[in-house]
Amino acid sequence: VEFQAADEKDRATLERVAREAVGGLQLLEAARFTHDAAEQSLLWRIRQGLYPSVGAARKRGTTVIIEDVVFPVQSLADATVALIRTAGRHGYDEAILFGHAKDGNLHLTITQSYNTQADADRYARFMDDLVRLVVRQYDGALKGEHGTGRNMAPFVETEWGPEAYAIMQHLKGLADPDGLLNPGVILNPDPKAFLADLKTLPEIEEEVDKCIECGYCESTCPSQDLTLTPRQRIVVRREMTRLRESNADPALATALEADFPYMALDTCAADGLCATACPVGIDVGDLTKRFRRLRHPEWAQEFARHLAERFAWLEPSARLGLRLGHAVQSLLGAGAMVGVTRAIRSVIGQPFPQWSPEMPRPASGRAPATQKSGASAVYFPACISRTMGHLPGEPDSMSLMEALVAVARRAGRPVWIPDDVDGTCCGVPFSSKGYDRAHAVAANRAVARFWEWSEEGRLPIVIDTSPCTYGLNACRPVLTSVNQARFDRLAILDSVAFVHDEILPRLTVRRRYRSVALHPVCSVVKMNLTGKLEAIARWCCDRVTVPESAGCCGFAGDRGFLFPELTGAATEREAAEILSAPHDGYYSSSRTCEIGMTRATGRIYRSYLYLLEQATRE
Ligand code: SF4
Ligand code: SF4
């Protein structure tokens, strides 16, 4: 129970009264109040997760129903007991209740199957008893804060009486003589309407079958304003299954199947942010990867595996591509390369990486000199840092590797870059596209090398690109048993965590900045490192801004090159916030996300390591 008051004095009074009220109760745990914001937020998450959790635990083939009844507050305790008994009497042992006690409003959540007549009859008997309990026995209301949908529409007359109901019908008839507005909802003459046209939740793919379409995930999704939200992806997929199974509307089924690849798959960043908001932990990106996997023919999987095995060849090729692109751009202008890549895309009829003026220059490919002896950690520069260098207009006196090596040395915690990092990749570029075999090859090789470099886990591995750190920490399922045993003894750290915990306490700030803006990338959010990233920035700056609307930029490694409209839509709000105030610098922890944010804002985003290096430079 949460108590709120206008001021601290009233709140304390409420707390005292509540303590006295629960004093004599027999509780599973002693009642206590918390004033800790983090604990309160956790309790609210549990509260918000009650409904989806029932949905997630439901039997296959059943659906979840949430009702919204109200009792006079003075009868709430008795009515609550009666309601639980009513549900139990009809066999709804899984029913849960939560709500808004001060309003007498209870949300009853049950799971229901409509597969047999007996199932439907049981539900009908329960609804009759529920309505009788609320309306007749306790003089309550059938709706509190939710709308009167088809489930309660047949009982509106019971609640309000025939006279009031007739007036409602008359008014509706005046406003909507042809019954076009939301037919069957609120007013429905069919006494069995609550058993008709039921929406089923057919089984589709196991990654998302638990979804109860609550929508908590929607605001996290970078494609919400472009194509579909995570919930909509699942809803569409279910509709496709329903239509195919029932053969009800073949034309609609065909249209949905035609649109699904772009709307649901191509424009999913597979960043998994939806899972951070989903009460039952559904990552719609897993569904996307499943379909991407299924799209690849055998030869494509094998080709990707060969590429992963020869990854060392790809890095110089990527650097050469960037060098050539910039050469063309400087000779013929930015539009030339954009035109070339668009032309290739239209000729091959497939998504092809699109050039844009803020493409980075190639990295030098040379690592700064470091020593293993005395190193506090192994520094593994991600392949993206080894390939992509500075953005046009970005200061280029120091590479990302040099920045991390410099701050670590300054702090007396030097890092060591092994000589043979070339060809080592976290595998995320493959897994995000559904190339499982290639992912397994890359991840196994990375872990085997980490094992050797770290002297069998003695030294931590530090990675400068957050999505790669996240990907490597999640790769255990694709590892061989030997590598799983190694993995379990490795410490694979994101540079944000390493710098915050090991480097920052040993550095002296020489130069403070007035204001910087941060873009915490999805993997920083998922690894719970946003606070540490902010702390590093605050240590160097008076004012640190993380935009309210900061979220996934949708770049996702290569989506931003293949489907730039995804990044454009995903960053629109954050870019507007960023541009509303000037900052001395713009920082993040992943080069591709920095490209996306630079493209969106026209401000150059770079690694926070440069900020730290400059702030601590003698
Ligand atoms: S995937 Fe989205 S809609 Fe489905 S249960 Fe999770 S939060 Fe709710
Ligand atoms: S993985 Fe990301 S882009 Fe895909 S549905 Fe989830 S939040 Fe949206």
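We count ligands from 1, going down the list as the structure has it; atoms in each ligand are counted the same way. For reference, positions follow the sequence shown, starting with 1.
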| remark: I212 heavy atoms within 4.0 Å reach ligand 1 at atoms 5 (S)
| request: Output the distance between atom CZ (R233) and atom CZ (R237), rounded to the nearest 0.5 Å. | output: 14.0 Å
| Is the closest heavy-atom distance from G281 to ligand 1 below 4.0 Å? | no
| What is the nearest protein non-hydrogen atom to atom 6 (Fe) of ligand 1, stated with its residue, atom name and distance? | C278 SG, 2.3 Å
| message | I'd like to check which ligand 1 atoms, numbered from 1 as shown, lie under 4.0 Å from a non-hydrogen atom of E213. | response | 3 (S), 4 (Fe)
| note | If we number the atoms of ligand 1 from 1 as shown, the ones under 4.0 Å from a heavy atom of R231 are 3 (S)
| Can D494 and K532 be counted as an ion pair, charged N to O under 4.0 angstrom? | no
| message | Can you confirm if the NZ or CZ of R122 lies within 45° of the ring axis of Y92 and under 6.0 Å from the centre of its six-membered ring? | response | yes
| task | Do me a favour and list the nearest non-hydrogen protein atom to atom 2 (Fe) of ligand 1 with residue, atom name and distance? | result | C217 SG, 2.3 Å
| Hey, does I234 have a side-chain heavy atom less than 4.5 Å from the side chain of I204? | yes
| task | Nearest 0.5 Å please: distance from the CD1 atom of I604 over to the CD1 atom of I595. | result | 12.0 Å
| Looking only at protein heavy atoms, which one is nearest to atom 4 (Fe) of ligand 1, and how far off is it? | C211 SG, 2.3 Å
| note | Interatomic distance, NZ@K526 vs SG@C552, rounded to 0.5 Å, equals 8.5 Å
| Considering residues, nucleotides and ligands other than N528, do more than 12 of their heavy atoms fall under 6.0 Å from its CG? | no
| field | For atom 8 (Fe) of ligand 1, closest protein heavy-atom neighbour | value | C214 SG, 2.3 Å
| query | Which of the numbered atoms in ligand 1 are below 4.0 angstrom from a heavy atom of P279? | reply | 7 (S)
| Which value, rounded to the nearest 0.5 Å, describes the distance between L287 atom CG and L265 atom CG? | 7.5 Å
| request: Please test E2 against R47 for salt bridge (Lys or Arg N to Asp or Glu O under 4.0 Å), starting from the C-alpha separation and ending with a verdict. | output: CA-CA 11 Å; E2 183 180 75; R47 152 71 170 80; over 6 Å; no
| message | Just verifying a value: how many Å separate E534 CD and Y608 OH, rounded to the nearest 0.5 Å? | response | 14.0 Å
| Identified side-chain hydrogen bond (donor to acceptor under 3.5 Å, both in side chains) counterpart of T465 within the set S385, S523, S590 | S385
| note | For atom 3 (S) of ligand 1, the closest protein heavy atom turns out to be G215 N, 3.2 Å
| query | With a cut-off of 2.8 Å, which protein N/O/S atoms are close to atom 4 (Fe) of ligand 2, if we only count those under it? | reply | C268 SG
